[in-house]
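Down below is the structure, laid out as structure tokens.
Everything numeric here is computed off the predicted structure, so don't read it as measured data.
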Amino acid sequence: MALRDKSVRQLGGVGDKRAKAYEKLGIHTVEDLLRYYPRAYEDWSRTVRAAEAPAGEPCCIRGWALAAPTEHRVRQGMTLYRFRVSDGRDIITVTLFNNRFAAAKVHADDELLLFGTVIPSGRHYEMTSPLIEPASTGQRIRPLYRQTEGLTARMIENNVRQALALVNAATLPDPLPPTLLEKQQLCDLSTALHSIHFPTNELALEAARERLIFEELTVLQVGLMRLKGRSRGDNTVRIRRDHTAAFTAALPFTLTGAQNRAIADCLQDMAGDRPMSRLVQGDVGSGKTAVAAGVAYSVIREGWQAAMMAPTEILAEQHASTLSRLLGEEVRVGLLTGSLSVPKRRQIRQALEAGELDLVVGTHALLTDAVRFARLGLVITDEQHRFGVHQRACLAAKGNNPHMLVMSATPIPRTLALILYGDLDVSVLDELPPGRLPVETYAISSAKRERAYGYVRRHLDEGRQGFIVCPLVEEGEEPSDLNAATTLFEQLAAGPFAGYRLGLLHGRMKTAEKEETMAAFARGEIQLLIATTVIEVGVDVPNAVIMVVENAERFGLAQLHQLRGRVGRGKHRSTCILISDSTGEENRRRLTAMCSTNDGFKIADEDLKLRGPGDFFGDRQHGLPQLRIADLLGDMPLLNRAQMAAAHLLSVDPDLQAEENAPLRQAVEHLFDRVGEQGLN
């Protein structure tokens, strides 16, 4: 039986309780367990004498117990066990806390291995609560695994040993073909798995890591390249004429070079043999909507319809208004959202089906079966991380292979954008329209909070609006020193902002409540909005010019930048004030970065350096399979090798039909199945 199909319950000692604990770690099969790589290692393979022990670092000492441990009851609930060990030259006093089980296993004259930190104490040495093993167990490098309740490190270690005994070419085929292993000078899968869990030395461990990282990145790259190369059919919506000149001539402003390039990229795609599938990513205020309008204009002038899907009703309403203004009266624009009356929704749907609307902007309401188009030629989705591949495909299925344009205001480091969006080509808007003022950003401690509030009041008195952002919704969720939105709202309404029109917005509110609050803010009925990160992707309110972020250390850099993008969207100079009492070095670097630049791509690069790809992107934002061992940033040289290898494999065998590539094909399908991605056949 293939280990991918063999349950961990079939391993010795794994009953229902342990199996459920494994499930919490995402381990269901024997292969899952084999791919559950150690988080770190303890090197018991090299022993040192106490006098040679590195200061403050754990090491392994080999010695002899001079006597059995003696028991010392310190107070109720606290018992110490002490014994002395000789390493052949010096004496080490070992102390164990409340560990009668470990103490009972030590006898006079036992030869032991002690793993822990050695502390000099006068002419002797001390070790507190070291790990203890009989020397007869052998000196080796021991794996450390992330654990959960019901699973100890030793349980996992023993089950991994059982699993490794089952590995052979039949039960676990190697995804990397022999020719590729030879060319890349990599070890085979069985060797790599044994060495990653139980390395004989550091060289064996490094060889295993290189091979497994290369494998993971190659499988990922093959999958992404096949997604990008996958045809949705022939281009039945070929746009042969470029109408951009007529579009730009009617605009009240001049497009940036980046906007013109993005529109040209799209028109070139739409004139090709396959339907366009392109991501336009740009910083807040870079003009993505104008690009969408320019692309839609050419499509509509060629006799096709366009649809734009936004994540919220208020964003859909905003886009409909903006697009109507940019496209002019000759383009018929409609809005379709769930809050429209039944007769109005019916009217919009009938107009679409009859071809009486050129462009419809809506929410998920566009995905219902009742929505039909006469000639759908272009599908646009805004804030791509809110919509999965399947939702984009569902809207596209309402036409005959329409072009797809995806927009995102989440800057991704340039080095990773092409990797992450495997099924999309990428255009980057890296210029801001002229006249756009940078948001002045300051970091302060809570001691200056009242001064900051006074600054906010001054803006409100001038007729402007603002935000105060909190990381939590209610007191009691997490540490009490964090300002919760509901509590802070009540405090501000009764104190510093008494008499002002305040609003409250958080993720636990019903959708209709959130929409109405944002709409009231957009209309100017709310002067100051106290909110959580629900405003990270929000409505465009040019009159909002001041933002205060409480407990700024609780937010990632990219998230802070997105929040800051809610202000500075009009002609008035805007300010963002970050309040934090954290004195850690990482927080200092983050806040310094925020105060020194408004460039979202520089912010994203710094965020990636500080937090790593896993925390930076999060499953919500990129939808990629979770990498088990590779680091997209740290393993860039291996990533480059994997990209070249994947490209070569697919150039020779595009469908991976060769017998030696069958395991690779299965590995690709299995990896992408974990995020629900289909259609790799």
Side-chain angles (χ1 to χ4, degrees), residues 11-14 18 33-34 36-54 57-72 79-119 124-145 147 151-167 190-191 193-206 208:
L11 295 174
V14 181
R18 192 183 298 186
L33 181 61
L34 290 168
Y36 191 68
Y37 304 125
R39 63 174 176 82
Y41 300 87
E42 293 171 347
D43 189 357
W44 296 59
S45 67
R46 291 180 295 187
T47 59
V48 296
R49 295 183 188 273
E52 302 162 351
E57 295 182 15
C59 61
C60 189
I61 302 289
R62 189 184 189 102
W64 291 262
L66 300 179
T70 57
E71 182 177 318
H72 305 270
T79 303
L80 305 183
Y81 298 90
R82 284 202 175 100
F83 63 100
R84 295 193 304 160
V85 171
S86 169
D87 67 2
R89 180 186 300 168
D90 294 297
I91 303 297
I92 305 128
T93 299
V94 179
T95 303
L96 305 176
F97 292 91
N98 284 345
N99 197 340
R100 184 173 61 180
F101 177 76
K105 292 164 61 174
V106 176
H107 307 91
D109 298 326
D110 281 352
E111 187 176 7
L112 305 171
L113 295 175
L114 309 175
F115 191 89
T117 302
V118 178
I119 302 172
H124 300 292
Y125 298 89
E126 294 182 356
M127 294 184 79
T128 301
S129 298
L131 298 172
I132 304 171
E133 292 282 351
S136 59
T137 59
Q139 297 172 210
R140 56 193 173 88
I141 299 175
R142 303 184 66 167
L144 298 177
Y145 300 93
Q147 301 162 46
L151 275 178
T152 66
R154 294 297 172 261
M155 288 177 183
I156 299 174
E157 186 177 331
N158 291 336
N159 287 143
V160 167
R161 288 188 184 279
Q162 296 172 38
L164 285 170
L166 303 174
V167 173
S190 177
T191 301
L193 288 174
H194 278 83
S195 293
I196 199 71
H197 289 288
F198 303 109
T200 54
N201 52 52
E202 290 183 10
L203 287 177
L205 175 58
E206 193 53 42

How long is the gap from [atom1] on [X] to [atom2] on [Y], to the nearest 0.5 Å?
| X | Y | atom1 | atom2 | answer |
| --- | --- | --- | --- | --- |
| D110 | W64 | CG | CH2 | 12.0 Å |
| W44 | L131 | CH2 | CG | 5.0 Å |
| L33 | I156 | CG | CD1 | 8.0 Å |
| L112 | S136 | CG | OG | 9.5 Å |
| I196 | L34 | CD1 | CG | 12.0 Å |
| R100 | E71 | CZ | CD | 8.0 Å |

Not counting sequence neighbours, which residues clear side-chain contact (heavy atoms from CB on, under 4.5 Å) with [X]? List them please.
| X | value |
| --- | --- |
| I91 | L66, R84, S86, H124 |
| P199 | Y41, I141, L205 |
| T47 | C60, R62, L113, Q139 |

*asked:* Between D87 and A50 (side chain of the first, backbone of the second, donor and acceptor by atom type, cut-off under 3.5 Å), is there such a pair?
replied: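 Side chain of D87 to backbone of A50, a donor-acceptor pair under 3.5 Å: yes, one is there.
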
_Exam field: side chain R140 to backbone F198, donor-acceptor pair closer than 3.5 Å_ =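 Absent.
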
*Decide whether H197 and Y36 meet the rule of one side-chain donor and one side-chain acceptor closer than 3.5 Å.*
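No, no side-chain donor-acceptor contact under 3.5 Å.
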
*Consider only side-chain N and O atoms of R82 and T95, and report whether a donor and an acceptor are under 3.5 Å apart.*
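Note: R82 and T95 side chains meet the donor-acceptor criterion.
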
How close do [X] and [Y] get, heavy atom to heavy atom, and via which atoms?
| X | Y | value |
| --- | --- | --- |
| A208 | S195 | CB-CB, 3.7 Å |
| C59 | V48 | SG-CG2, 3.9 Å |
| V85 | A65 | CG2-CA, 4.3 Å |
| P143 | P38 | CB-CG, 3.6 Å |
| P69 | A103 | CG-O, 3.5 Å |

*Does the pair E133/R142 count as a salt bridge with the N-to-O cut at 4.0 Å?*
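Salt bridge between E133 and R142, a charged N being under 4.0 Å from a carboxylate O: yes.
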
*Apply side-chain contact (heavy atoms from CB on, under 4.5 Å) to Y37 and L193, showing your working.*
CA-CA 9 Å; Y37 304 125; L193 288 174; 4.1 Å; yes

*Step by step, work out the side-chain contact (heavy atoms from CB on, under 4.5 Å) result for L80 and F97.*
CA-CA 5 Å; L80 305 183; F97 292 91; 3.0 Å; yes

_side-chain contact (heavy atoms from CB on, under 4.5 Å), paired with F83, selected from T93, V94, T70_ =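 When T93, V94, T70 are each tested with F83, the side-chain contact (heavy atoms from CB on, under 4.5 Å) holds only for V94.
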
Let me have the donor-acceptor pairs involving side chains of residues 159-166, under 3.5 Å, with sequence neighbours excluded, atom names and distances please.
| from | atom 1 | to | atom 2 | distance (Å) |
| --- | --- | --- | --- | --- |
| N159 | OD1 | R18 | NH1 | 2.9 |
| N159 | OD1 | Y22 | OH | 2.8 |
| N159 | ND2 | G12 | O | 3.2 |
| Q162 | OE1 | G12 | N | 2.6 |
| Q162 | NE2 | G12 | O | 3.3 |

*Is it the case that more than 12 heavy atoms not belonging to E111 sit under 6.0 Å from its CD atom?*
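Check passes, neighbour count above 12.
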
_S45: partners by side chain to side chain donor-acceptor pair (under 3.5 Å), with sequence neighbours left out_ =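 Here the qualifying residues are D43.
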
*Partner residues of T79 under the side chain to side chain donor-acceptor pair (under 3.5 Å) criterion, sequence neighbours left out*: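 T79 satisfies side chain to side chain donor-acceptor pair (under 3.5 Å) with no other residue.
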
